[in-house]
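Shown next, in structure tokens, is the structure this report addresses.
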Amino acid sequence: MIPFIDLQAQRRRLGEPLNKAIAAAVEGGAWILGPQVATFEAQLAEFAGVKHAVACANGTDALSIVLMAWDIGPGDAVFVPTFTFAATGEVVALAGASPVFVDVLEDTYNMDPASLEAAIALVKREGKLKPRAVIPVDLFGQPADYRALEPIVRREGLKMLCDTAQAFGASYNGRVTGSIGDAASTSFFPAKPLGCYGDGGASFTNDDGLADLLKSIRNHGAGADRYENVRIGMNSRLDTIQAAILIEKLRIFPEEIELREAVARRYNVGLGKSNRIRVPNVIAGAQSTWAQYVIQVPDRDKLQSDLKEKGIPTVVYYPIPLSAQKGYAHYPSAPIPVSEKICKTVVALPMHPYLDAVTQNRIIEAVQESVD
Ligand SMILES: Cc1ncc(COP(=O)(O)O)c(C=O)c1O
């Protein structure tokens, strides 16, 4: 079986320095929020070109912590795409606010600005909720169309929290994700383009006051003194071992983004010729980190079973729009015809920086054979 994401290939490449970094974190004895965490936060902020990176326990908390800092809660509307991983909507509901679902664009899978306008109009018309924030998602590695979204967010006086869990390190018109929005958040889940060996996450902002709040909230609402609790917070700290691993991985991350780009290009060339396959489209001015390589085909079940027979794994992100999931169906939503359609046709192929051309050609040929 071809690996869907070959993390062991990366592990081999990282080699002895990674073992030493882990051993040093263990020997150091400051196992939670130790010195490697502060070092990693500084490197991460520099990489994204943002003033503050605040690490925490996972990408879901990284979103929650920002919503808590903005005091978003009951009676508030937060606009989220319906075609996303559950965490994007979950954190809004957990805050006691209402997610309001927005459709996505078929060519990028990211938030549709026209649908965002429709969702805002819906909330205003109903008059029950107060529009507070938008959480665009940089799905599959590609930044959302911020050039179109930002004017809407500004005009409506909303906050923008960019969920870049799948796309940290991507860029749009020279801005790296993490630095876009009033705040942003990412995940270091192992399968993410920049992942650790467990759970981890980070939030980003250029706002000094917000950064202080994020640091307090991730550590039980701590004040200047450790046992002073000046607000309600949570326990969401990054382990020192994970920071030590991430420091090693960040060193090779720019090259890995290039390698991912080369793999995506090979797929686009190999599969783009068929008019029965829709290959991904990256908007002008954007670079994707290619967390996933997602195509659309008319008969997805057939493709998945044909590829499985040949030892080629595929995954469907996402089979059901979030607003149609049982836990979320009672929240408001704009019409979502695109998400309803693509949930039936999308399928992700193996994608990682170490996918060699020979193996990739096998995948491309198998897809062509099944689809044509
Ligand atoms: C779009 C999106 N948001 C949030 C998350 C949550 O990250 P974590 O799994 O680290 O909590 C994920 C993780 O899969 C994600 O894909």
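Every heavy atom of this structure was used, including side-chain atoms; hydrogens, water molecules and symmetry mates were not. We count ligands from 1, going down the list as the structure has it; atoms in each ligand are counted the same way.
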Which residue supplies the protein heavy atom nearest to [atom], what is that atom called, and how far is it?
atom	value
atom 14 (O) of ligand 1	Lys192 NZ, 2.6 Å
atom 15 (C) of ligand 1	Ala165 CB, 3.5 Å
atom 16 (O) of ligand 1	Gln166 NE2, 2.9 Å
atom 12 (C) of ligand 1	Phe85 CD2, 3.4 Å
atom 3 (N) of ligand 1	Asp163 OD2, 2.7 Å

Considering non-hydrogen atoms only, spot the tightest contact between [X] and [Y] and give its length.
X	Y	result
Trp31	Val26	NE1-O, 2.9 Å
Arg276	Val371	NE-O, 2.9 Å
Thr186	Ala165	OG1-CA, 3.6 Å
Phe189	Ser187	N-OG, 3.0 Å

Structural part of Val137 in contact with ligand 1, heavy atom criterion under 4.0 angstrom: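 The side chain, only.
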
With heavy atoms under 4.0 Å as the rule, classify the contact between Thr60 and ligand 1 as side chain, backbone, both or neither.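 The answer is both.
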
Given 3.5 Å as the limit, does a donor-acceptor pair link the side chain of Gln242 with the main chain of Tyr197, or not?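 Checking the backbone N and O of Tyr197 against the side chain of Gln242, a donor-acceptor pair under 3.5 Å is found.
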
Pick one: which of Glu256, Gln8, Arg260, Gln10 meets side-chain hydrogen bond (donor to acceptor under 3.5 Å, both in side chains) with Tyr354?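 Output: one option passes, namely Glu256.
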
Under 4.0 Å from a heavy atom of [X]: give me the atoms of ligand 1 that qualify, with their elements.
X	answer
Gly59	6 (C), 7 (O), 8 (P), 10 (O), 11 (O)
Asn58	10 (O), 11 (O)
Ala87	4 (C), 5 (C), 6 (C)
Ser187	7 (O), 8 (P), 10 (O)

In terms of the angle between their ring planes, are Phe40 and Phe188 parallel, tilted or perpendicular, with boundaries placed at 30° and 60°?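 Rings of Phe40 and Phe188: perpendicular, over 60°.
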
Return the orientation label for the Tyr317 and Phe4 ring planes: parallel under 30°, perpendicular over 60°, tilted otherwise.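 The rings of Tyr317 and Phe4 sit tilted, inter-plane angle from 30° to 60°.
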
